There are 2 protein chains.
Amino acid sequence: MFSCWLSQLCRGLSTPTRRTTQLIWSSASRSLVLSSQRRIPELSSFVARTNTCGELRSSHLGQEVTLCGWIQFRRQNIFLVLRDFHGLVQVVIPQDEPAASVKKILCEAPMESVVQVSGTVISRPPGQKNPKTEALRLQYRYLDLRSVQMQYNLRLRSQMVMKMREYLCNLHGFVDVETPTLFKRTPGGAKEFVIPSREPGKFYSLPQSPQQFKQLLMVGGLDRYFQVARCYRDEGSRPDRQPEFTQIDIEMSFVDQTGVQSLIEGLLQYSWPSDKGPVVVPFPSMPFAEALASYGTDKPDTRFGMKIVDISDMFRNTEVGFLQDALSKPQGTVKAICIRKGAKYLKRKDIESIRKFAADHFNEEVLPIFLKTNENWNSPVAKFIMEEQGSGLVKLLETQEEDVVLLTAGEHKRACSLMGKLRLECADLLEARGVVLRDPALFSFLWVVDFPLFLPKEENPQELESAHHPFTAPHPSDIHLLYTEPHKVRSQHYDLVLNGNEIGGGSIRIHNSELQHYVLATVLKEDVKLLSHLLQALDYGAPPHGGIALGLDRLMCLVTGAPSIRDVIAFPKSFRGHDLMSNAPDSIPPEELKPYHIQVSWPTDAETEKSSSNHPCRSES
Amino acid sequence: MFSCWLSQLCRGLSTPTRRTTQLIWSSASRSLVLSSQRRIPELSSFVARTNTCGELRSSHLGQEVTLCGWIQFRRQNIFLVLRDFHGLVQVVIPQDEPAASVKKILCEAPMESVVQVSGTVISRPPGQKNPKTEALRLQYRYLDLRSVQMQYNLRLRSQMVMKMREYLCNLHGFVDVETPTLFKRTPGGAKEFVIPSREPGKFYSLPQSPQQFKQLLMVGGLDRYFQVARCYRDEGSRPDRQPEFTQIDIEMSFVDQTGVQSLIEGLLQYSWPSDKGPVVVPFPSMPFAEALASYGTDKPDTRFGMKIVDISDMFRNTEVGFLQDALSKPQGTVKAICIRKGAKYLKRKDIESIRKFAADHFNEEVLPIFLKTNENWNSPVAKFIMEEQGSGLVKLLETQEEDVVLLTAGEHKRACSLMGKLRLECADLLEARGVVLRDPALFSFLWVVDFPLFLPKEENPQELESAHHPFTAPHPSDIHLLYTEPHKVRSQHYDLVLNGNEIGGGSIRIHNSELQHYVLATVLKEDVKLLSHLLQALDYGAPPHGGIALGLDRLMCLVTGAPSIRDVIAFPKSFRGHDLMSNAPDSIPPEELKPYHIQVSWPTDAETEKSSSNHPCRSES
């Protein structure tokens, strides 16, 4: 049988209460209804309670109910507010003599004690409102999890993933396959955690994604695979990254780029919370080159305009020195953005801030100037701007009164990149002045496509490296270039961008063993032996296949509007990768390392000092 | 646009085929229909095919279809058999002159090439049967995965887990919460893999289960948690274990033992494949003491009887020497099992095998004897068995003609344990002789309950250790004994057993901080500082809670009837923990270990020799 209980913070109370008390209903639950009809879950099956605190309504008036929850508040020993994950209920503490012991317990129990109460539902006395309580100081994660916001975030995450599974498994026949996380280290995989095995000198690694496995599953005829996959990346200290993260990992056989994109559009539409507004499909698509030229980034925030415009031709005969300099070089360009009503909203210190931001990213070919267009060009260099240039700008940028135009010059990619950053910086400034540029209720999805397949290596631009990974297939129109001008080959890679954040990426893969061998050995000059198992697999009849991975933590962060991915993860690590609750990572006695044939290489004193000055041990939270 | 393709094993073919060919339908798909009605998934959405090979039926006759798959077989350049994950289709190769190039490609493509074919569905010419093909040698996992059995196992696993999720999330309001796998090492956790961090001497560990996190989620008010959780256990070489495995991990607040059991019964009933027969609930329940006494194990196979019977009283005055010896000791007992028709089915060499098995587990207090009961007791010691003992045995064991009775003597637990092993050994022998004792189509679930909370430590029986884990709550009736005779306290732990295999276990947890502290510090004499975060959490108002974990790999192994858990895992490790496809674990250059402040301690030559003779490197498969 189930007995009653009363757990407490302090000592002194040990008698459980089993006494009828009276309840007054109220609810603080937030709606978690998703986009399609579903059976209401039986939240009180198998347990002692008859109802949750959040579900009591006027239809329950007069009913005997049993509730379980935490004491959130007590007022004058007359009322309790009882809280569970679903909402709040006001409980009338019995005042009659026979219930004296119950009253004593309820009135002495510390806040946050757990109680079970039974009683009759009555209506709220007129004029009484929900008492407000001081927020608990969220010193510990398990207390933080009790907050309405964390409950909402974690429950919404669970429900959205469940909808995704329904869409993939039940509607489209995908197979949920678990792939190993103890794997072989990728050559040069500097971001992979290593795990010593019991064989001397042999290590597993924690993979950054199930990429190889999902391709092997296609070779294995699984046809349609997905997994909510735990992935690992050791990047040291990064502010908004986690050493372990989750991706919705998908791979399909006999599919092309359009097929994968349609699948993802359907997936997000199906799983999107109904209170976040409908998802309109298909998502717009933009070639990488256009994203760079118009937004200065491969992940444009398309919730607002302020696009970058190339005005090089207009300034061929300029007298402005740095523009002249830039345009005299073979790759030289001039770029502009127009800040609507900038003259009205931006203050002197904002302009200073933009200048400072530009200076931080400054190089000899890039410098912003400011042109106020109320009636005259108001700028230090205005006198050098000829009339036809001025009117050209007005025409091309469609400037109006009180707009501000920013100009920069330099090599195309660098100039675009700086303008892209200034564009976001200006948006921040305008919003700080009350202008709504990026509607927080708006979700603006965008496919970015036609990426280059290879990029020049930073350290040696004569050599090429994969823009994404070496299994990405070339664009069908560009295959002939692979053997002559590989740097010109576009790929069948696609990124999914939401409100300026990359939330997913994928590609059609190379399924031909010879082509894969050519890319690895001839173009990338890698040691093909290290991927011999994959090459061999492709040689045994591989279907054409492609896929995608969505970053679940980032996606949930954007859906919930949370400020950090830590707010959508139950037990996140600190920015230094620490679990501050349990104190992981922690020391291990040397004898427990023996079975793994490793020992710690302690740094010298000098190294320790340097390291601790970089990472002050006590300063993180 | 989507183009056609033909991928090949050998070189020489590079032209894709895009030509109509004729199809003849057939299907080899196995039914995967689960227990409740579901929408049929759209297996051909987003891709080039119009149908899967397995779904063509007479209703498709005359239709133009496009299929994608592997060439499984070719007969006299006239027919192809095309295979995908769903089934087989016979394809008529066009013989007319205009299609000569198509014919050439199709006839020259190696087996297992991937093709796309379009054509009209016609009916099978009378008399033609599905061609049988030689099974591919399953040298590599990605080829093995193409087999009907592996496809079935992985797809059934996916679907069963999906049904479990529907039951938990949609029907009962559970929240799917992901918990970290980079955690703090449990003190003395010799089975936990360690992961060096970038801080010198500091290590994460891969947890064996999310036990602490799920309890903290209950403290955090999540109310109902589940996760299909990846867990890790480093046990070195074990034949049917995996270093990473999956459990259905569940925790609930405000629940008692009956509640968790009802939940699991409902879960299995809901998710059970319909072609495996209905699951009857509630499952029977058996106290641990009874399981030991009647079956000699805590995981009884209840598909057959052959129970252990205590016949100590009957033999108080025996003249049989070893029974006399055993019963003269304070803990001495005599046990028997009856093998129905044993005299008919067991041959001399079977009896020898049972004797040998017993000898392998022999100690001075345990020895089996054999009594054939056709008319006389036929046994070397029969002359010492008195008539009243003989008739007592017949009565108590309900022996009939041709039965065999095995006797053993010794301390209760040891004697039961040996008899439990002999019981299973005899069942194997009888089944080898054609007697069906354990119906392979029968699924016999059993709860084993009322375990002891503590057990004497093997190395020092004066001290106690947890029978399961230190968070297990004591049985409510036995709480008073905790402070006086803790070894007598039963726990609120429960195991779920299926056909003699433990497939799950769980408990009601201690939710009172003082009680948890008492168990850790006073009873178990452990260092409470190492679990201070959990004790502190319990101190902040913890609801009563409990849960369970089901071993998914073992469960799927039993459901599919697979001989090994490797048959229900896409990419299993070998028994030595190796990934034989990619060759993990593998060596890492010393410079890549530097960021982790570790170095390899290479064993001496003598150690290496010893180790390699224990583990011959090339002998595993």
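Here the structure is a predicted model, which is why all the values come from computation and not from measurement. So that the names make sense, note that chain A is the first sequence line, chain B the second, and so on, each numbered from 1.
Rounding to the nearest 0.5 Å places CZ of B:Phe85 at 9.0 Å from OG of A:Ser253. Rounded to the nearest 0.5 Å, atoms CZ (A:Arg141) and NE2 (B:His533) are 15.0 Å apart.
Side-chain polar atoms of A:Asp586 and B:Tyr204 form no donor-acceptor pair below 3.5 angstrom. Between the side chains of A:Gln599 and B:His597, no donor-acceptor pair of N or O atoms lies under 3.5 Å.
Panel note: side chain B:Arg146, backbone A:Val219; a donor-acceptor pair is recorded below 3.5 Å. Judged purely by atom type and a 3.5 angstrom limit, A:Arg157 has no side-chain atom pairing as donor or acceptor with the backbone of B:Val177. In this structure a side-chain-to-backbone donor-acceptor pair under 3.5 Å is missing from B:Glu178 to A:Thr246. With hydrogens and angles ignored, the 3.5 Å screen pairs no side-chain donor or acceptor of A:Gln159 with any backbone N or O of B:Cys169. Remark: the backbone N or O of A:Asp234 is paired with a side-chain donor or acceptor of B:Arg198 at under 3.5 angstrom. Not a single donor-acceptor pair under 3.5 Å links the side chain of B:Lys202 to the backbone N or O of A:Ile588.
Using a 4.5 Å cut-off between heavy atoms, B:Leu206 touches chain A through its side chain atoms alone. Of the two parts of B:Lys594, neither the backbone nor the side chain holds a non-hydrogen atom closer than 4.5 Å to a non-hydrogen atom of chain A. If you measure heavy-atom distances from B:Gln215 to chain A, you find no contacts under 4.5 Å at all. Proximity to chain A involves both the backbone and the side chain of B:Thr181, based on heavy atoms less than 4.5 angstrom apart. Heavy atoms of B:Met150 lying under 4.5 Å from chain A are absent altogether. Contacts of B:Leu593 with chain A are made by side-chain atoms alone, with heavy-atom separations under 4.5 Å and no backbone atom involved. Contacts of B:Asp579 with chain A are made by side-chain atoms alone, with heavy-atom separations under 4.5 Å and no backbone atom involved.
Ring-plane geometry between B:Phe213 and A:Phe571 is classed as tilted, the angle between the planes lying from 30 to 60 degrees on a 0 to 90 degree scale. Using bins of under 30°, 30° to 60° and over 60° for the plane-to-plane angle, the ring pair B:Tyr540/A:Tyr142 lands in the tilted bin. A perpendicular orientation is assigned to the rings of A:Phe254 and B:Trp70, their planes being inclined by more than 60° (bins at 30° and 60°).
In terms of heavy-atom pairs under 4.5 Å with chain B, the best-connected choice from A:Ala584, A:Pro572, A:Ser197, A:Pro585 is A:Pro585.
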